[in-house]
Engineer: 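Got a structure for you, written out below as structure tokens; questions coming shortly.
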Amino acid sequence: MFPSRFRYEAPHSLDEAIGLLHGGDYVKVLAGGQSLVPMMKLRFASPEMLVDINNLPGLAYHRTDPDGSLRIGALCRHADLERSDLLKGSQPTMAAAAPLVADPLVRNRGTLVGSLCHADPQGDWASVMLALGGSVIAQGPGGRRAIPLAEFVTGPFETVLEHDEIAIEAVVPPAKGVRSGGYLKLERRVGDFATVGVAVAIETSGTTVVRAGIALTGVGGSTIGATEAAQALTGKPLTADGIAGAAELAAAAAQPRTDHRGTAEYKRQLVRVFVKRILAGGQPAGATGEPAERAA
Ligand SMILES: Cc1cc2nc3c(=O)[nH]c(=O)nc-3n(C[C@H](O)[C@H](O)[C@H](O)COP(=O)(O)OP(=O)(O)OC[C@H]3O[C@@H](n4cnc5c(N)ncnc54)[C@H](O)[C@@H]3O)c2cc1C
């Protein structure tokens, strides 16, 4: 199918882009177009105008700031993150997720920030950024604001972004300790959306977990933060018992539905198994307790 008729603008400055959004009734930002264009072709979305942000200068970065925070610009593509040495060295959860998002064609155009703005319950980046305690920086006519991921997504395909705001970057805060963790995803075929995805981000000082984040993809009406599971890990060393307890709490936080991809109980079991696998893989040397299940 073809999209409905729309006006197309490709401004060269952020102010101009925000002005165009502010002036229209139903105007959408176009970043990688990998979610918006299919939605328009199916006529699930029929905006009157697209504001293509691909000509805006200086938004294609991902970099670590002197304070240790990671900043990902609105035009940083999935493929940039997949190939990033920076992530491989310092962001295990993001490095694990990047090659699992969609397929190479989509990864060449799609953006992490666009994925957060799209707020698909099956989007991989929202779970990763939620587990990492990330936030989105939005800019509108009234200035800039930082929105924690935990408050950014309000439901399936819904965020707190105003119609005239552009998400200019996503930010991962500096680590309080040594990072470990990962992202595991069950997909029916390579390139599919997640049947179940689990993001785990751990920061350890010595053997003590000083910060933990766990978030779930595809097992609820929106991205789910398994906050009780994460809290259960914090302030103590990782042990087999602790890992098993966190896996149970994460499975309890999931709200899966039975569908053509599997039963609700099957998906809940996958959450349990994925949490255990990631945490067992990230168990720091010297941690006490029974040996835990190893990541495959
Ligand atoms: C075949 C296929 C398979 C896919 N598989 C997966 C998958 O396995 N996992 C996964 O996570 N995703 C998957 N996707 C989605 C893909 O990751 C998209 O790239 C992503 O969801 C949206 O990023 P985008 O840059 O393409 O955004 P766009 O499509 O350009 O925009 C998406 C939405 O976000 C808004 N938006 C985008 N950027 C901004 C911004 N900076 N400020 C304000 N609003 C903005 C747009 O207005 C629109 O509403 C798949 C897509 C396809 C086509």
Side-chain angles (χ1 to χ4, degrees), residues 3 6 8-11 14 17-18 20-22 24 26-42 44-56 58-60 72-82 94 97-130 136-140 144-145 147 152-153 156-170 183-197 199 215-218 222-223 261:
F6 59 91
Y8 173 84
E9 296 287 346
L14 192 54
I18 291 168
L20 286 163
L21 289 171
H22 188 62
Y26 185 13
V27 186
K28 295 292 279 180
V29 170
L30 177 73
Q34 299 303 301
S35 293
L36 182 56
V37 172
M39 299 274 282
M40 289 173 65
K41 288 178 84 172
L42 292 166
F44 291 144
S46 298
E48 64 179 31
M49 192 202 307
L50 290 189
V51 176
D52 184 342
I53 60 170
N54 285 276
N55 287 333
L56 301 190
L59 289 178
I72 304 121
L75 292 176
C76 176
R77 316 285 167 178
H78 306 313
D80 299 330
L81 299 171
E82 181 185 11
M94 292 184 72
L100 301 180
V101 176
D103 54 49
L105 295 177
V106 173
R107 291 201 290 272
N108 279 338
R109 291 299 300 166
T111 64
L112 177 146
V113 171
S115 176
L116 301 180
C117 294
H118 188 52
D120 187 332
Q122 290 180 307
D124 298 299
W125 285 124
S127 296
V128 171
M129 295 300 285
L130 185 58
V136 172
I137 309 297
Q139 185 158 336
R144 271 184 197 198
R145 60 180 179 136
I147 309 158
F152 185 72
V153 178
F157 306 102
E158 283 178 11
T159 71
V160 297
L161 270 187
E162 298 291 342
H163 78 279
D164 52 4
E165 283 183 311
I166 295 181
I168 54 168
E169 63 179 4
Y183 187 72
L184 287 175
K185 168 176 176 178
L186 180 76
E187 49 192 1
R188 291 203 302 171
R189 297 163 307 180
V190 170
D192 272 357
F193 283 95
T195 300
V196 175
L216 314 177
T217 312
S222 58
T223 305
R261 292 173 168 169

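First listed ligand is number 1; within each ligand, the first listed atom is number 1. Starting from 1, each residue takes its place in the sequence as its number. Computed from heavy atoms alone, side chains included, the values below leave out hydrogens, waters and symmetry copies.
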Engineer: Using the side-chain contact (heavy atoms from CB on, under 4.5 Å) definition, which of the options Leu30, Leu14, Leu75 pairs with Ile53?
Structural biologist: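 Per the side-chain contact (heavy atoms from CB on, under 4.5 Å) rule, the option paired with Ile53 is Leu75, out of Leu30, Leu14, Leu75.
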Engineer: So which heavy atom on Ala97 is nearest to which on Trp125, and how close?
Structural biologist: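 Closest approach of Ala97 to Trp125: CB-CZ3, 4.1 Å.
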Engineer: Which pairs with one or both residues in residues 186-195 pass salt bridge (Lys or Arg N to Asp or Glu O under 4.0 Å), sequence neighbours excluded?
Structural biologist: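 Sorted pair list: Lys185-Glu187, Arg189-Asp192.
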Engineer: Taking non-hydrogen atoms within less than 4.0 Å of ligand 1, which protein residues qualify?
Structural biologist: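 Those residues closer than 4.0 Å to ligand 1 by some heavy atom are Lys28, Val29, Leu30, Ala31, Gly32, Gly33, Gln34, Ser35, Leu36, Ile53, Ala74, His78, Val101, Ala102, Val106, Gly110, Thr111, Val113, Gly114, Ser115, Cys117, His118, Gly123, Asp124, Leu161, Ile166, Ala167, Lys185, Gly191, Asp192, Phe193.
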Engineer: Looking at Asp164 and His22, what are the two nearest heavy atoms and their distance?
Structural biologist: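 Result for this residue pair: OD2-ND1, 2.8 Å.
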Engineer: Say you draw a straight line from OG1 of Thr111 to CG of Leu59; how long is it, rounded to the nearest 0.5 Å?
Structural biologist: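 Taking OG1 in Thr111 and CG in Leu59, the distance rounds to 10.5 Å.
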Engineer: Between Lys28 and Met40, is the side chain to side chain contact (heavy atoms under 4.5 Å, CB included) condition met? List the steps.
Structural biologist: CA-CA 11 Å; Lys28 295 292 279 180; Met40 289 173 65; over 6 Å; no
